[in-house]
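Residues: numbered from 1 along the sequence shown.
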Amino acid sequence: MSLNDDLTVIQRCVEDLARAVDRLPPRSCSAPDLRRVRADTEHLRESVALLRAAAAQSPAAPAPARQNVVPVPDTPYDRSLWTDSDDEGLGARDRHAP
């Protein structure tokens with residue numbers, strides 16, 4: 001999805017929330033709580049509008065440069081490479097945990 005599509009989905013959800021809050025009967029909640037929810041819903045609308053405006057003003061971001069990919073072979077490593085090291089957190093191979 002593009003940024004514009006994501007913002008459209010967010011805006012629809014906020015509008016659905018606003019409609020649901022508007023349908024709440026005043027007697028179902030205390031007046032200050034209902035006012036706070038309505039104010040928060042309005043703030044969400046404003047925030048989405050600001051995001052949309054910022055997205056419209058900013059130039060399209062270029063695709064990130066591809067990093068050099070280092071292939072990792074599926075073949076097992078040569079065990080002789082690890083003869084002088086301990087298994088991390090497990091101790092040395094010739095010793096056992098208590």
Side-chain angles (χ1 to χ4, degrees):
M1 277 185 144
S2 70
L3 177 62
N4 193 29
D5 293 341
D6 290 339
L7 289 173
T8 301
V9 170
I10 292 170
Q11 187 172 7
R12 280 190 208 133
C13 291
V14 170
E15 294 302 324
D16 290 345
L17 174 66
R19 280 191 293 276
V21 168
D22 288 342
R23 285 192 302 254
L24 285 173
R27 293 181 300 278
S28 66
C29 306
S30 67
D33 292 339
L34 190 55
R35 280 196 309 262
R36 179 177 293 148
V37 169
R38 285 189 173 139
D40 289 345
T41 304
E42 188 57 34
H43 287 141
L44 284 172
R45 279 182 175 161
E46 292 170 3
S47 297
V48 172
L50 288 172
L51 284 172
R52 221 177 243 293
Q57 290 177 356
S58 67
R66 184 172 177 172
Q67 300 293 329
N68 290 337
V69 178
V70 178
V72 177
D74 290 335
T75 58
Y77 288 111
D78 181 11
R79 305 263 305 145
S80 66
L81 294 172
W82 309 107
T83 57
D84 62 340
S85 66
D86 293 343
D87 288 331
E88 195 172 310
L90 300 176
R93 290 187 193 161
D94 59 340
R95 289 180 262 154
H96 298 284

Which is it for Val9 and Asp5 under the side-chain contact (heavy atoms from CB on, under 4.5 Å) test, yes or no, and what are the steps along the way? CA-CA 6 Å; Val9 170; Asp5 293 341; 5.7 Å; no

Does the side chain to side chain donor-acceptor pair (under 3.5 Å) test come out yes or no for Ser80 and Asp78, once each step is laid out? CA-CA 5 Å; Ser80 66; Asp78 181 11; 2.7 Å; yes

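With sequence neighbours excluded, no residue forms a side-chain contact (heavy atoms from CB on, under 4.5 Å) with Asp74. For Asp22, the side-chain contact (heavy atoms from CB on, under 4.5 Å) partners are Arg38, not counting sequence neighbours.
Looking at heavy atoms from C-beta onward, Gln11 lies in side-chain contact with Arg52 at the 4.5 angstrom threshold. When side chains are defined from C-beta on, Asp40 does not count as touching Leu44, because their heavy atoms never get closer than 4.5 Å.
To the nearest 0.5 Å, atom CG of residue Leu51 and atom CG of residue Leu3 are 8.0 Å apart.
Electrostatic pairing of Glu15 and Arg12 does not count as a salt bridge here, judged by no charged N lying under 4.0 Å from a carboxylate O.
The shortest non-hydrogen separation linking Leu34 to Pro25 is CD2-O, 4.4 Å.
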